[in-house]
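What follows is a set of notes on a single structure, which appears directly below.
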Amino acid sequence: MTAAAPLLIAWAAGWFWVAALTAGRRAHGPSRWLLEIPLAFPVGAGGGSCLYFAFLAAGLNPFPAAVLADLIWLAAGVALWWKRGRRCAAPVEKPPGFRFAWIAWIALAVCGAFFLGAVYQGSTALPQGDRDAWAIWNLRAKFLASDGNWNGAAAPELIGRSHPEYPLLWSGFVAKAWAWTGRAGAGTTPMTAGAAAAISLILLLLGALWTVRDAVSGALGALVLMSTVTFWQYAMAQYADIPLSLFMLGALWSAVRAAGDEWDSPLLALSGLLASMAAWTKDEGLVFAAGLALAIVIAARKSALPWLLAALPAALIVALYKLLLAPPFKEWSLARLADVSRIPSIFTFFLDEFLSLGRFPSHPMLLLIVSAALLGFRRPVAQLWAVIPVATLAAGHFAAFYLSASDLQGRLSNAAGRIVLQMMPLLIFTLFLFLKSPDSAPATSNPKRKKR
């Protein structure tokens with residue numbers, strides 16, 4: 001079996017889940033596929049990985065655990081889709097499109113072609129990924145793919161060399177594919193998975209903005225993401241940061257779309273599912289999930305129950321792993337609260353990171369500012385609650401650096417760029433959510449044309 005086959009099985013399983021949970025509320029035409037196909041990747045990867053870890057913990061060997069995990073997740077998705085996913089709401093008539101939209105689409109196609117070329121070159125240059133890939137994520141995946149030694153991924157002996165306290169979704173996804181093929185350690189598997197996650201993130205941002213705003217906003221948002229230098233740098237690094245962004249963006253889009261449909265329960269369930277999977281991907285995902293849960297409870301109130309119930313299974317896995325298996329985390333110290341001199345250093349470093357995201361005139365922050373100036377902000381904006389999870393994630397990052405017991409400058413230089421990368425898709429999505437749409441501009445008649 002080739003390395004891509006297990007990934008495609010998981011992707012197909014994810015599509016049935018997405019199609020079922022968005023049934024009756026799904027988009028129509030190209031926007032539907034530009035949303036469902038990339039959103040299916042994190043749903044399929046996350047669901048299969050969670051089941052794979054549960055089966056390993058129950059005592060199964062990697063191969064049967066991998067086969068059962070994917071087939072059960074696929075069968076459950078097909079059953080749910082068969083029950084409710086084939087229904088589809090009547091198409092909504094769209095206003096005439098922005099007449100200069102073709103410029104954005106051409107620019108997007110050109111950038112996409114260059115990005116695919118960069119992915120190919122990155123795969124050739126870094127077949128085993130960057131340092132954290134083979135020292136953390138792929139190393140722990142090897143433990144999860146080996147017979148009888150899966151809990152070595154959380155061994156205390158890895159402290160100082162790796163991060164055994166980190167969640168295991170992405171490592172589990174890679175290990176599950178290795179268990180299918182019987183080729184643990186083969187670089188083509190994490191390489192293919194990383195490329196799929198990066199491409200899916202671009203398409204998901206495009207489709208997400210298209211469905212909640214309009215096509216031009218989606219194209220502009222995707223262009224801003226592809227103008228981010230950090231995204232190109234980490235696209236083939238095989239880190240968990242881009243998959244984490246994929247989970248968080250999918251969770252936020254699902255929640256926003258559910259709010260626009262009177263807190264549609266299946267969409268809320270999809271949001272909770274993805275948010276809890278983000279928590280099982282990295283610790284930052286846990287902070288984001290807590291912020292999104294708070295926002296949903298405040299905005300939806302009693303209607304938030306489907307979100308909470310869908311988030312519960314993966315949240316239990318995270319809690320049990322942290323409490324029973326992961327070694328103690330000793331990176332934070334409350335004594336640092338008195339060291340207020342850290343605050344300017346943290347803000348200065350992150351300002352430098354944001355300034356280093358691109359080059360003039362295609363700097364992503366400049367593009368966002370120009371978009372806001374030209375389009376203007378909508379009033380009133382019903383989705384102001386969507387700022388809460390993004391702000392919570394930013395506050396969590398700041399607190400982690402402020403309370404860090406290790407050398408501050410060393411931690412900032414190692415992690416600040418990836419943190420900005422994690423947040424960029426959320427920032428782009430949230431900003432365009434509040435901007436006016438070029439498509440909404442009223443069509444003007446040609447003054448030179450006279451009636452006869």
Side-chain angles (χ1 to χ4, degrees), residues 1-23 26-27 30-53 65-82 85-86 112 115-116 119 123 137 141 145 169-181 183 186 188-208 235-236 238 240 242-251 253-254 270-271 273-274 276-278 280-281 314 425:
M1 181 180 288
T2 64
L7 308 183
L8 293 176
I9 293 172
W11 208 328
W15 180 86
F16 284 105
W17 279 92
V18 171
L21 294 174
T22 59
R26 65 174 52 155
S31 61
R32 170 188 170 184
W33 299 110
L34 285 172
L35 178 80
E36 290 185 5
I37 292 176
L39 192 58
F41 181 75
V43 174
S49 180
C50 289
L51 288 176
Y52 178 69
F53 179 79
V67 173
L68 280 176
D70 278 337
L71 294 184
I72 289 176
W73 193 244
L74 175 61
V78 171
L80 187 63
W81 173 81
W82 186 262
R86 293 176 296 164
F115 181 75
L116 291 176
V119 166
S123 302
W137 307 108
L169 186 146
W170 190 247
S171 296
F173 178 56
V174 173
K176 179 168 62 64
W178 278 341
W180 265 101
T181 60
R183 298 175 59 201
T188 52
T189 298
M191 183 193 307
T192 307
I199 295 170
S200 294
L201 184 59
I202 298 172
L203 295 178
L204 180 58
L205 184 58
L206 169 60
M236 291 309 298
Q238 300 178 23
I242 287 180
L244 174 65
S245 296
L246 194 57
F247 284 110
M248 294 191 297
L249 179 60
W253 170 85
S254 302
L270 179 60
S271 175
L273 187 70
L274 287 166
S276 62
M277 289 175 179
W280 184 225
T281 304

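We're numbering straight along the sequence, starting at 1.
- Of the possible donor and acceptor atoms, none in the side chain of Trp15 sits under 3.5 Å from a partner among the backbone N and O of Gly44.
- In plain terms, the two heavy atoms of Trp280 and Cys50 that are nearest each other are CD1-SG, 3.7 Å.
- Minimum heavy-atom separation, Asp70 to Ala10: OD1-CB, 4.3 Å.
- Of all the heavy atoms in Leu274 and Ser254, the pair that sits closest is CD1-OG, 4.1 Å.
- Taken to the nearest 0.5 Å, the CG atom of Leu246 stands 10.5 Å off from the CG atom of Leu205.
- How far NZ of Lys176 is from CD1 of Ile9: 8.0 Å, rounded to the nearest 0.5 Å.
- To the nearest 0.5 Å, atoms CG (Leu244) and CG (Leu201) are separated by 10.5 Å.
- With hydrogens and angles ignored, the 3.5 Å screen pairs a side-chain donor or acceptor of Ser49 with a backbone N or O of Leu169.
- Under the 30°/60° scheme for interplanar angles, the aromatic rings of Trp73 and Trp17 are found to lie parallel.
- When all heavy atoms of Trp170 and Ala197 are compared, the closest pair comes out as CH2-CB, 4.3 Å.
- Annotation: the span from Thr281 atom OG1 to Met248 atom CE amounts to 9.0 Å, rounded to 0.5 Å.
- Closest heavy-atom contact between Glu36 and Ala19: OE1-CB, 4.4 Å.
- Within the 4.5 Å cutoff, the side chain of Leu204 has no heavy atoms near those of the Trp253 side chain.
- Side-chain contact between Phe16 and Leu80 is absent, with no heavy-atom pair separated by less than 4.5 Å.
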*asked:* For Trp137 and Val174: C-alpha separation, side-chain torsions, deciding distance, then whether side chain to side chain contact (heavy atoms under 4.5 Å, CB included) applies.
replied: CA-CA 9 Å; Trp137 307 108; Val174 173; over 6 Å; no

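- Note that CD1 of Ile202 and CG of Leu116 are 7.5 Å apart. Values are rounded to the nearest 0.5 Å.
- Using a 30° and 60° split on the angle between ring planes, Phe173 and Phe41 fall in the perpendicular class, above 60°.
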_Worked check of side chain to side chain contact (heavy atoms under 4.5 Å, CB included) between Val18 and Leu35_ = CA-CA 9 Å; Val18 171; Leu35 178 80; over 6 Å; no

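- Leu21 CG to Trp81 CH2: the interatomic distance, rounded to the nearest 0.5 Å, is 14.0 Å.
- For the pair Leu51 and Ile72, the minimum side-chain heavy-atom distance is below 4.5 Å.
- Annotation for Ala186 and Trp178: closest pair O-NE1, 3.0 Å, computed over non-hydrogen atoms.
- Considering only heavy atoms from C-beta on, Ser171 stays 4.5 Å or farther from Phe53 through its side chain.
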